[in-house]
Amino acid sequence: MAWDRLTDDQRELRELVRTLARERIARRAAEIDASHEFPWDVVELYRENDLFGLLFEEQYGGLGTGTLIALIAIEEVAKVCATSALILAVQELGALGIKLAGSEEQKRRFLPKLASGEWLAAYALTEAGSGSDSAAMRSQARRDGDEYVLTGTKRFITNAGVAHLYVCFAKTDGAAGHDGISAFVVEADTPGFQIGRIEPKMGIKGSTTGELLFDNCRVPAANRLGEEGEGFPLAMRILDRSRPGVGAQGLGLAQGATDYALAYAKERETFGEPIANHQLIAGMLADMETKCAAARALLYRCARLIDSGDDSPQLTKLSAMTKLYCTDVAMAVTTDAVQVLGGYGYIQEYPVERMMRDAKITQIYEGTNQIQRLVIAREMLRD
Ligand SMILES: Cc1cc2nc3c(=O)[nH]c(=O)nc-3n(C[C@H](O)[C@H](O)[C@H](O)COP(=O)(O)OP(=O)(O)OC[C@H]3O[C@@H](n4cnc5c(N)ncnc54)[C@H](O)[C@@H]3O)c2cc1C
């Protein structure tokens with residue numbers, strides 16, 4: 001199958017999401033950015049149209065339509081609102097630990113609630129002293145009978161305060177480094193669990209980013225994902241599959257900004273003609289469109305590898321390449337879109353100003369782009 005050929009079903013789903021994005025989400029994007037409020041109305045729209053179902057298999061309440069169409073949905077929403085696209089990407093990020101390491105009982109207990117969108121999910125790896133070097137985390141989980149007692153603080157967690165379910169990583173063996181980390185599902189109403197500070201930030205302003213506080217938080221042992229000590233490799237396997245979601249968010253931002261800049265350049269006149277007729281502007285538009293197309297080729301290739309069930313180092317490398325390239329394109333292209341609009345690009349009334357701010361985070365979260373380069377080089381040297 002050609003890399004960009006979609007089945008009729010996939011085309012239909014893309015059309016559904018594209019229409020919802022254009023007709024229902026686009027007009028909310030500026031308000032979400034200005035109000036800094038989490039868009040529960042967008043969550044409701046996803047619930048009504050079964051968009052969370054795109055992320056899950058049929059046996060757990062999803063649509064079973066696969067990774068490619070899920071990434072296309074994220075791209076389509078990100079063309080108009082990166083905050084709203086992140087809701088889908090983080091539902092996947094938060095669910096992946098259960099999908100990959102959950103027992104059948106845990107999958108049946110949690111996944112249908114996430115597939116319907118009744119519950120939102122979060123993924124909690126980062127701490128104040130451990131971002132790129134995530135194994136340096138200090139949060140601890142001590143076994144006590146049929147429970148674990150969690151202590152510590154997570155930082156910069158997307159969906160803090162709006163999620164019902166947090167996949168959290170903590171040390172069950174403080175002396176063992178990478179091998180001493182375990183993963184747990186923590187439900188929002190667990191005693192000893194609290195939300196701390198919510199961070200004000202540059203972009204994706206409707207998304208919450210905050211602290212998770214664990215103060216002798218008692219989590220049932222039945223909520224541990226996999227065995228003790230399997231948390232770090234699980235965290236990395238999750239990122240292999242979630243990073244393309246950030247790539248899709250970046251690509252959507254880039255394509256949305258390109259489309260807007262193109263339409264603007266056809267209308268805006270200087271020196272007696274549309275700015276699109278000036279070759280320096282036309283060249284920028286051509287570069288922007290080409291970068292989007294190249295990013296999409298990488299994204300689709302990665303999606304097809306995930307859908308093929310590949311779990312090899314090839315996936316680690318391709319997913320890092322996808323995240324790196326799509327998000328570097330997002331930053332470059334949204335910056336160029338601001339330039340195409342001139343002074344108007346810098347004004348909040350025009351969406352490219354927001355898109356450029358939103359694009360920056362895609363180069364940072366789920367592993368900075370420096371870390372992606374290290375991952376890619378490590379896999380190249382291993383080959
Ligand atoms: C809005 C937002 C949402 C987030 N959401 C989540 C979430 O849902 N869950 C979660 O767990 N985390 C989340 N994060 C955390 C995010 O993944 C980290 O911020 C990111 O991984 C970088 O970690 P750090 O901020 O500690 O930077 P540091 O690790 O301190 O890095 C600082 C700089 O040094 C560079 N650097 C570090 N080590 C190396 C190296 N070996 N070689 C070269 N350069 C290096 C980095 O690339 C970066 O430029 C979020 C962060 C933000 C801002």
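Note that ligands are numbered from 1 as they come in the structure, with each ligand's atoms numbered from 1 the same way.
Within the 4.0 angstrom cut-off, atom 30 (O) of ligand 1 has no protein heavy-atom neighbours. Under the 4.0 angstrom criterion, atom 4 (C) of ligand 1 counts as having a protein heavy-atom contact. The nearest protein heavy atom to atom 34 (O) of ligand 1 is not closer than 4.0 Å. At a distance under 4.0 Å, a protein heavy atom can be found next to atom 7 (C) of ligand 1. There is a protein heavy atom less than 4.0 angstrom from atom 13 (C) of ligand 1.
Residue-level proximity to ligand 1 for Glu366 is carried by the backbone, the only part with a heavy atom below 4.0 angstrom. With a heavy-atom cut-off of 4.0 Å, Ile361 touches ligand 1 through its side chain alone. Counting heavy atoms under 4.0 Å from ligand 1, residue Leu374 touches it through the side chain alone.
Remark: Lys323 fails to qualify as a cation-pi partner of Tyr365 under the 6.0 Å distance and 45° angle criteria applied to the six-membered ring.
Checked against the 6.0 Å centroid threshold, Phe184 and Tyr166 do not count as a close aromatic pair.
The shortest contact between atom 22 (C) of ligand 1 and any protein heavy atom is with Thr368 CG2, 3.7 Å. Nearest protein heavy-atom neighbour of atom 9 (N) of ligand 1: Tyr123 O, 2.8 Å. Protein heavy atom closest to atom 44 (N) of ligand 1, with residue, atom name and distance, is Gln370 CB, 3.8 Å. Closest to atom 19 (O) of ligand 1 among all protein heavy atoms lies Phe156 CD1, 3.8 Å. The protein heavy atom nearest to atom 28 (P) of ligand 1 is Ser132 OG, 3.7 Å.
For ligand 1, the atoms closer than 4.0 angstrom to any heavy atom of Gly131 are 23 (O), 24 (P), 26 (O).
Between Ser312 and Asp310, the side chains place a donor N or O and an acceptor N or O closer than 3.5 Å (distance only, hydrogens not considered). Gln106 and Asn223 are not linked by any side-chain donor-acceptor pair at a separation below 3.5 angstrom, with hydrogens and angles left out of the test.
Of the N or O atoms in Thr158, one or more lie within a sub-3.5 Å distance of an N or O in ligand 1.
Of the listed residues (Ile157, Thr209, Ile371), the one carrying the non-hydrogen atom nearest atom 1 (C) of ligand 1 is Thr209. Looking at Leu239, Asp133, Thr126, Ile364 and measuring to atom 10 (C) of ligand 1, the nearest heavy atom belongs to Thr126.
Here the rule is side-chain hydrogen bond (donor to acceptor under 3.5 Å, both in side chains) with Gln255, and of Arg296, Glu75, Lys79 only Arg296 fits it. The side chain to side chain contact (heavy atoms under 4.5 Å, CB included) test with Thr316 is passed by exactly one of Leu239, Val375, Ile376: Val375. With respect to Thr327, the side-chain hydrogen bond (donor to acceptor under 3.5 Å, both in side chains) criterion is satisfied by exactly one of Thr362, Asn369, Thr368: Asn369.
The aromatic rings of Tyr260 and Tyr264 sit parallel, their planes meeting at an angle under 30°, below the 60° perpendicular limit. Between His278 and Phe271, the angle of the ring planes goes over 60°, which puts this pair in the perpendicular group of the 30/60° scheme.
Salt bridge status for Glu127 with Arg155: absent, with no side-chain N to carboxylate O gap under 4.0 Å.
To the nearest 0.5 Å, the span separating CZ on Phe232 from CE on Met236 amounts to 4.0 Å.
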